[in-house]
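Following: one structure in structure tokens, then a few remarks.
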Amino acid sequence: KLTGNHEQFLRDTTVSNWRLFHPYFDVIQDRSIEVEPGLAIFYASYPKDHEELAKWLSLESSKYRSHKKILFGHFQVKGAYLNSGQSKTGIPMEALAAFDQVLLGHIHAPQSLDKRVHYVGSPFQQDWGETNQEKRVAILDTDTLKINWVPLKGYPEYREVDLEEFQKSVGVKVDGKCGPATITALIRLTKTVAGGAPTKLRETARQQSRGPALAGKVIAINPARGGS
């Protein structure tokens with residue numbers, strides 16, 4: 001697990017919530033290089049300074065010229081596509097030239113900048129900006145350096161549909177008109193719980209339904225607040 005910008009409190013990664021992930025993953029807070037016979041694997045978390053990281057990648061990769069090199073990173077690359085357009089800042093592609101495969105996080109849209117440099121993308125659609133994006137996960141063979149892209153299915157999706165398609169999906173008359181039945185169906189899509197968190201509201205309702213009887217309840221006694 002690479003520390004990304006969303007996990008950081010300080011940009012230099014000295015303060016982050018990495019401990020939340022530590023029981024489940026090996027967490028890399030900054031940078032690391034794992035060397036095996038004929039293979040060097042680089043890890044780079046979200047940087048405080050992209051220019052400094054680019055220099056580090058170029059320098060350190062030059063030390064393993066005879067090795068196959070893989071880079072896992074969480075940062076922005078110049079030329080990558082964002083929801084707002086093509087990125088003008090970040091790590092230049094030239095700094096990644098020495099790597100045989102590069103798998104990146106940070107930008108949510110899955111994309112390949114060339115045959116070697118890939119953004120895996122977020123695991124599911126986060127908001128309307130990711131509408132119609134097909135999500136995936138990468139399985140990398142460290143012997144052959146081939147990547148198998150596996151589609152991620154079954155997660156909630158943001159979809160843009162026309163009125164007739166919506167009417168058909170909710171089972172009302174398909175006439176292309178926003179009549180009473182269609183409006184009712186639209187209202188049913190809105191938030192149905194108000195006044196607090198659903199879990200808290202359900203717990204309050206259960207307590208009220210139990211009444212004042214003690215049967216089936218847990219009684220906690222604080223010994224520090226005894227009588228005189």
Using residues 172-179 as the side-chain source, report each donor-acceptor pair under 3.5 Å to any protein atom, sequence neighbours left out, with the distance given to one decimal.
| unit_1 | atom_1 | unit_2 | atom_2 | d |
| --- | --- | --- | --- | --- |
| Asp175 | OD1 | Gln167 | NE2 | 3.0 |
| Asp175 | OD1 | Lys177 | N | 2.9 |

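- In this structure, the side chains of Leu57 and Leu59 stay at 4.5 Å or more apart for every pair of heavy atoms.
- With sequence neighbours excluded, no residue forms a salt bridge (charged side-chain N to carboxylate O under 4.0 Å, His left out) with Glu134.
- Closest of all the heavy-atom pairs between Arg31 and Pro47 is NH2-CB, 4.4 Å.
- To the nearest 0.5 Å, the span separating CD1 on Ile33 from NZ on Lys63 amounts to 7.0 Å.
- Here Leu140 contributes atom CG and Ile41 contributes atom CD1; the two are 8.0 Å apart, rounded to the nearest 0.5 Å.
- Thr144 OG1 to Lys68 NZ: the interatomic distance, rounded to the nearest 0.5 Å, is 7.5 Å.
- The two atoms that bring Tyr119 and Ala80 nearest to each other are CE1-CB, 3.7 Å, heavy atoms only.
- Applying the salt bridge (Lys or Arg N to Asp or Glu O under 4.0 Å) test to pairs two or more places apart or on separate chains, none has a residue in residues 141-155.
- Listed by first then second residue, pairs satisfying salt bridge (Lys or Arg N to Asp or Glu O under 4.0 Å) with a partner in residues 160-170 number zero, not counting sequence neighbours.
- Ser45 places none of its side-chain heavy atoms less than 4.5 Å from the side chain of Asp30.
- A donor-acceptor pair under 3.5 Å is formed between the side chain of Asp49 and the backbone N or O of Glu52.
- For residues 33-47, no pair satisfies salt bridge (Lys or Arg N to Asp or Glu O under 4.0 Å), with sequence neighbours left out.
- Judged by distance alone, the side chains of Thr89 and Gln76 do bring a donor and an acceptor atom under 3.5 Å apart.
- Under the 4.5 Å side-chain contact rule for hydrophobic residues, Val150 and Val120 do not share a cluster.
- In this structure, Ser84 has no side-chain hydrogen bond (donor to acceptor under 3.5 Å, both in side chains) partners at least two apart in sequence or on a different chain.
- Thr3 and Gln29 make their closest contact through OG1-CA, 3.4 Å (heavy atoms, listed as atom of the first residue, atom of the second, distance).
- Phe25 is linked by a side-chain contact (heavy atoms from CB on, under 4.5 Å) to Lys1, Phe21, counting only residues two or more places apart in sequence or in another chain.
- By the rule that hydrophobic residues join a cluster once side-chain heavy atoms approach within less than 4.5 Å of another member, Val27 and Tyr24 end up as members of one cluster.
- Within the 4.5 Å cutoff, the side chain of Leu71 has no heavy atoms near those of the Tyr43 side chain.
- The closest side-chain heavy-atom distance from Gln126 to Phe124 is below 4.5 Å.
- A pairwise comparison of heavy atoms in Ile147 and Ala138 identifies CG2-CB, 3.9 Å as the closest pair.
- Two residues are said to be in side-chain contact when any heavy atoms from C-beta on lie closer than 4.5 Å; Leu53 and Ile91 meet this criterion.
- Residues passing the side-chain contact (heavy atoms from CB on, under 4.5 Å) test with Thr142 are Leu39, Ile70, sequence neighbours excluded.
- Of the possible polar contacts, none joining the Ser58 side chain to the Lys55 backbone as a donor-acceptor pair under 3.5 Å is found.
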What donor-acceptor contacts under 3.5 angstrom involve side-chain atoms of residues 93-105, with partners at least two apart or in another chain?
| unit_1 | atom_1 | unit_2 | atom_2 | d |
| --- | --- | --- | --- | --- |
| Asp100 | OD2 | Lys69 | N | 2.7 |
| Gln101 | OE1 | His118 | NE2 | 3.3 |
| Gln101 | NE2 | Leu145 | O | 3.0 |

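- Separating the NE2 atom in His106 from the OG atom in Ser87 is a distance of 8.0 Å, to the nearest 0.5 Å.
- Ring-centre distance between Phe75 and Tyr46: not below the 6.0 Å cut-off.
- Side-chain contact between Trp149 and Ile139 is absent, with no heavy-atom pair separated by less than 4.5 Å.
- The backbone N or O of Gly4 sits less than 3.5 Å from a side-chain atom of Glu7, completing a donor-acceptor pair.
- When the side chains of ILVMFWY residues are joined at heavy-atom separations under 4.5 Å, either directly or via intervening members, Val77 and Leu82 end up in a single hydrophobic cluster.
- Remark: Ser32 engages no residue in a side-chain hydrogen bond (donor to acceptor under 3.5 Å, both in side chains) (not counting sequence neighbours).
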> Between Phe72 and Ile28, is a side chain to side chain contact (heavy atoms under 4.5 Å, CB included) present by the stated rule, with each step listed?
Replying inline: CA-CA 11 Å; Phe72 296 99; Ile28 297 172; over 6 Å; no
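- Side-chain contact between Glu60 and Phe42 is present, with at least one heavy-atom pair separated by less than 4.5 Å.
- Pairs engaging residues 120-133 under the salt bridge (Lys or Arg N to Asp or Glu O under 4.0 Å) rule: Glu130-Lys135 [sequence neighbours left out].
- Formation of a donor-acceptor pair under 3.5 Å by the Gln111 side chain with backbone atoms of Tyr81 is found in this model.
- The distance from the CG atom of Asn83 to the CH2 atom of Trp128 is 13.5 Å, given to the nearest 0.5 Å.
- Asp114 meets the side-chain hydrogen bond (donor to acceptor under 3.5 Å, both in side chains) test with Arg116; sequence neighbours excluded.
- The nearest pair of heavy atoms linking Gln133 to Pro110 is OE1-CD, 3.6 Å.
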